[in-house]
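Input: a single structure, listed below in structure tokens.
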Amino acid sequence: MAAPSKTSDPKPTPFYQQAIQLAFDVANGRHALSKLIPPALFLADALLCGLIIWKVPYTEIDWTAYMEQVSQILSGERDYTKIRGGTGPLVYPAAHVYIYTGLYHLTDEGTNILLAQQLFAGLYMVTLAVVMACYWQAKAPPYLFPLLILSKRLHSIFVLRCFNDCFAVLFLWLAIFFLQRRNWQAGALLYTLGLGVKMTLLLSLPAVGIVLFLGSGSFVTTLLLVATMILVQVLIGVPFLAHYPTEYLSRAFELSRQFFFKWTVNWRFVGEEAFLSKGFALTLLALHVGVLGIFVTTRWLKPARKSLIQLISPLVFAGKPPLTGPEHRAAARDVTPRYILTTILSANAVGILFARSLHYQFYAYVAWSTPFLLWRAGLHPVLVYLLWAVQEWAWNVFPSTPASSAVVVGVLGVTVAGVWFGAREEWEPGTKSSSAKKEEAAMR
């Protein structure tokens, strides 16, 4: 009689391995607990904002100047060339004026700084919530979300300095939020309102235009959206355009502004002589236009399944729309939430990289973009965190040094090059990116 065979039970997985696997699953969005990461981080950041206001002294930079400028406008002045504050003339579009007029009244003519800080803490939290929603809609992994709340410089820009960039950034992310949900009218309106606060949002305009063109599904709809954006800008500026149109446009959208070497965050390493030279400015402009052209022709227009020349030719030579109805609808299907976020943030990163000069408040346009773009570049999470930390260090060096400014430009350069190479499949029509395929395989 044969002896019974011995069957060995599989060894149970050690507890520490189970814990590590659970952590990886949660961090990569493969567990039910992953959904708790954004709200938990949001609540933690709300507490952090309260602690900052309580413990860290307020820093006066532009707030008093904003209030002085509003006071002159309330006194009847409409000539932008005559409206000044302690730190210089008024150089922002009229939506900035309206927002800070409201704050002027809410904060007892700007004297109640504590209330202003509390209002900006609320503004920060609203913006953070929108950013998190955009990341989630684009299926970004939860391990990126801690980077959205850890920036010292970003908290300072909002809660300790009350810059107008905070409102411009909110409008930009709100525009992305609604564009991701295919609400083209709301997205276009919110974007142009942000542009009415500060013209820095012009850096994202090429991408916003392409998203509206491809996503709306109709060339006529695109033209109506563009007309609406222009009309809103005119309506915003009416109180000033009606009296001093040239003065308003030359100051609110000044493109020939002089920059001071002592304040630059990004180009200190090139030296003052090169920084102030016209040749350097023209080189940056040429590089900006050139890299934008590369992104437009090789990445952003891919859903159209036509080259730029093929899109322009029917319009110029036959007066016909660039895409037929079926072609436009096919392109619109490829304008996904991830495509929208990648395209707009990459345009912003290109503009920031080649900006003539960056001041510290410009980090508001960078901090929440970098984690997503580095992930879209296909970098390992450790490298994403490392580059984010190096960038954060560089933007917190004051005054900037040749080393810190080189790091600022270097990380931006890596981000732009990385997203062009790493996210190329994202812009291919009808294809899924390698990261999306990996996510689906992991879920299975």
Side-chain angles (χ1 to χ4, degrees), residues 93-96 168 170-238 240-241 245 248-249 252-253 255 288-289 292-293 295-297 299-325 327-337 339-348 350-351 427:
H96 157 88
L170 171 61
F171 281 119
L172 176 61
W173 282 98
L174 280 171
I176 293 172
F177 177 87
F178 281 99
L179 291 173
Q180 285 182 320
R181 284 152 182 80
R182 311 188 75 79
N183 190 332
W184 313 115
Q185 293 80 7
L189 176 61
L190 287 160
Y191 172 77
T192 197
L193 287 174
L195 186 57
V197 176
K198 196 165 185 177
M199 72 172 189
T200 306
L201 264 62
L202 282 172
L203 299 178
S204 303
L205 181 59
V208 171
I210 289 174
V211 166
L212 291 175
F213 165 57
L214 295 178
S216 64
S218 164
F219 187 60
V220 173
T221 301
T222 305
L223 293 178
L224 290 174
L225 291 170
V226 172
T228 300
M229 293 165 67
I230 295 172
L231 177 61
V232 169
Q233 286 301 319
V234 173
L235 292 175
I236 288 173
V238 160
F240 305 96
L241 289 170
Y248 173 74
L249 294 173
F253 298 97
L255 298 176
H288 186 185
V289 173
L292 274 182
F295 269 89
V296 169
T297 56
R299 294 293 183 264
W300 300 342
L301 285 176
K302 284 292 184 180
R305 298 169 175 83
K306 287 185 177 182
S307 69
L308 182 60
I309 294 176
Q310 290 174 319
L311 289 170
I312 293 175
S313 296
L315 189 64
V316 173
F317 297 111
K320 296 181 179 179
L323 296 171
T324 64
E327 289 173 338
H328 219 142
R329 287 190 291 273
R333 285 194 293 269
D334 290 319
V335 180
T336 64
Y339 167 93
I340 291 169
L341 188 55
T342 306
T343 301
I344 294 177
L345 294 189
S346 59
N348 181 69
V350 170
W427 289 296

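Reckoned from all heavy atoms, side chains included, excluding hydrogens, waters and symmetry mates. One is the number of the first residue; the rest follow in order along the sequence.
- Residue S216 holds its OG atom at 9.5 Å from CG of L224, rounded to the nearest 0.5 Å.
- In this structure, F171 and V197 have side chains that are in contact, with non-hydrogen atoms separated by less than 4.5 Å.
- Between the side chain of Y191 and the backbone N or O of I176, no donor-acceptor pair lies under 3.5 Å.
- Remark: the backbone N or O of S218 is paired with a side-chain donor or acceptor of T222 at under 3.5 angstrom.
- The shortest non-hydrogen separation linking T297 to G293 is OG1-O, 2.7 Å.
- F219 is not listed as a side-chain neighbour of L323, based on a closest heavy-atom distance of 4.5 Å or more.
- I344 and V208 make their closest contact through CD1-CG2, 4.1 Å (heavy atoms, listed as atom of the first residue, atom of the second, distance).
- Here the shortest heavy-atom pairing between P322 and L311 reads CB-O, 3.2 Å.
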> side-chain contact (heavy atoms from CB on, under 4.5 Å) between L190 and F178: does it pass, once the steps are laid out?
Replying inline: CA-CA 9 Å; L190 287 160; F178 281 99; 3.3 Å; yes
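- Closest heavy-atom contact between G194 and A168: O-CB, 4.2 Å.
- Considering CG of L189 and CG of L231, their distance stands at 10.5 Å, rounded to 0.5 Å.
- The nearest pair of heavy atoms linking M199 to F253 is SD-CA, 3.5 Å.
- Under the 3.5 Å distance criterion, the side-chain polar atoms of H328 are matched with a main-chain donor or acceptor of F213.
- T192 places no side-chain N or O within 3.5 Å of a backbone atom of A188 that could act as its donor or acceptor partner.
- Taking CG from L235 and CD1 from I230, the interatomic distance works out to 12.0 Å, rounded to the nearest 0.5 Å.
- Side-chain contact check for L249 versus L241: some heavy-atom pair is nearer than 4.5 Å.
- Between the CG atom in L202 and the CG atom in N348 there is a gap of 11.5 Å [rounded to 0.5 Å].
- To the nearest 0.5 angstrom, L301 atom CG is 6.0 Å from L214 atom CG.
- One N or O on the side chain of Y339 and one on the backbone of W300 form a donor-acceptor pair closer than 3.5 Å.
- Residues Q185 and T228 have side chains that never bring a donor and an acceptor to within less than 3.5 angstrom of each other.
- Between T343 and F295 the shortest side-chain heavy-atom distance does not fall below 4.5 Å.
- Of all the heavy atoms in A347 and A207, the pair that sits closest is CB-CB, 3.4 Å.
- For the ring pair (Phe, Tyr, Trp, His ring centres under 6.0 Å) test, residues two or more places apart in sequence or in another chain that qualify with F240 are Y80, Y248.
- Between V350 and H288, some side-chain heavy-atom pair lies under the 4.5 Å cut-off.
- Between R305 and D334 there is a salt bridge, since a side-chain N of the basic residue sits under 4.0 Å from a carboxylate O of the acidic one.
- Side-chain atoms of I236 and P93, non-hydrogen and from C-beta on, never get closer than 4.5 Å to each other.
- Note: L223 CG to L212 CG = 11.0 Å, rounded to the nearest 0.5 Å.
- With hydrogens and angles ignored, the 3.5 Å screen pairs no side-chain donor or acceptor of S313 with any backbone N or O of Q310.
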